[in-house]
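Let me begin by presenting the structure, written as structure tokens, before commenting on it.
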Amino acid sequence: MTTAVADSPSTPLLVTEGRVLDVATGTYSGATRVLVEDGRITSVGGEEVRGPEGVEVLDAGGRTVMPGLVDAHVHVTAATADLFAQAEWAPSYVTAHATQILAGMLERGFTSVRDVGGADHGLAAAVEEGLLRGPRLFFGGKALSQTGGHGDGRPPGRSSHVGTPCGAGIGAVVDGPEAFRLAAREQLRTGAHHIKIMLSGGVASPTDRIDSTQSSEAEIRAVVEEATAQNRYVTGHAYTSRSVERALRLGVRCIEHGNLVDDACLELFLQHGAFLVPTLVTYQHLASEGAEHGLPADSVAKVASVLEAGLDTVDRATRAGVDVVLGTDLLGGMHRHQSEEIALRAQVQTPAQVLASATTTAARLLQREGEIGVLAPGAYGDLLVVEGDPLADVTVLARPEETLRAVVKDGRVVHRGG
Ligand code: ZN
Ligand code: ZN
């Protein structure tokens, strides 16, 4: 897909009267202006920064100007909390839902998202070409699961895979190192930025246990080898120390959730330079309204086992110096709660730590340091104009409908609030 359909030459954008927030140092830099040309930031400074003739001006009116946010754990195709029922929907219908979900994320100030199951090269291309309004989309394609694992939606009474088409689903069920290897190559062939595998049981799957380990060592090794060969990386869904320990030892670079890991396991993150992407807000809302959005009763019962531990893990991981990244993992009608993750993190992290987790640290995870999560020459022109002082009270970002004045992506104003 190389035809840029909706792309017209972009007018340079000059943001003026801003209070530029430097998320790397957790300070206001003193800069007031940001110039974006051809989608990239070319200059950050004071009155001396001027655009060319005909530049579009966005007056920030003395408000905070900061990099667009990153959510590193989303499923933009998750239109319902019953993902296994959704696997039987028409792909076109799922895509129609995804357009709404993507637009919502952008309007909450998320200018980049990492999809860890469901989004594919077609959706990413549609966003990039301007056919769809949405954040920059880092996709992994299908999440890989063993039979009976977190990606296997069959109830125990069904033995056949027939009747569970994978077209609209977020995962693929494979067994054996060669099948995992082939599945990984299939995702990488389509341009996947990472490969997601299931390493332990999960909440939304009908037959697995949270405390299980999933994917054999040989299967994990095969996927790591394929991702590494293409300078990509493997991220894994895991809750327990047992499942995380073996994954990090085998070269998995990032762990999703991690609610039940102990302090010894957190040390391993430091040793291996691995990232942790907790997803607190989803458990909160799966517990309170999951059933109403389609989460089966057996899954609702599993939520309680990980909900309480999640916040404590973020606290311990942050104190240990682990690279913690913002993620949400919301499904269906619960996507509207995305920004609340920021307020949950703020219970145990400083505002600067929360901001880093959604900008600079996230950029390192995405292998896009200097390009996203930062306002500096060379970076994408992705920025927010925010009412309030996120460095003093980061929860202003948890209420985007009240505080977000503008969202800029690629140097274009894509949303105006207030
Ligand atoms: Zn997961
Ligand atoms: Zn997820």
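Atoms within each ligand, like the ligands themselves, are counted from 1 in listed order.
When distances to the Zn ion (ligand 1) are checked against a cut-off of 2.8 Å, H150 contributes no N, O or S atom below that limit.
In this structure, R114 fails the cation-pi test against F139, since its NZ or CZ atom is not both closer than 6.0 Å to the six-membered ring centre and inside 45 degrees of the ring normal.
Here the N, O or S atom of D329 that is nearest to the Zn ion (ligand 2) is OD1. Within H257, the N, O or S atom lying nearest to the Zn ion (ligand 1) carries the name NE2. If you look at H237 and ask which of its N, O or S atoms sits nearest the Zn ion (ligand 1), the answer is ND1.
The aromatic rings of Y239 and H237 sit perpendicular, their planes meeting at an angle over 60°, well past the 30° parallel limit. Taking the six-membered ring where tryptophan is involved, the planes of Y233 and H194 are tilted, since the angle between them lies from 30° to 60°.
Between the side chains of H337 and Q284, no donor-acceptor pair of N or O atoms lies under 3.5 Å.
Remark: of the listed residues K409, R136, R368, R136 is the sole one forming a salt bridge (Lys or Arg N to Asp or Glu O under 4.0 Å) with D382.
Here the angle at the Zn ion (ligand 2) defined by NE2 in H73 and NE2 in H75 stands at 110°, rounded to 10 degrees.
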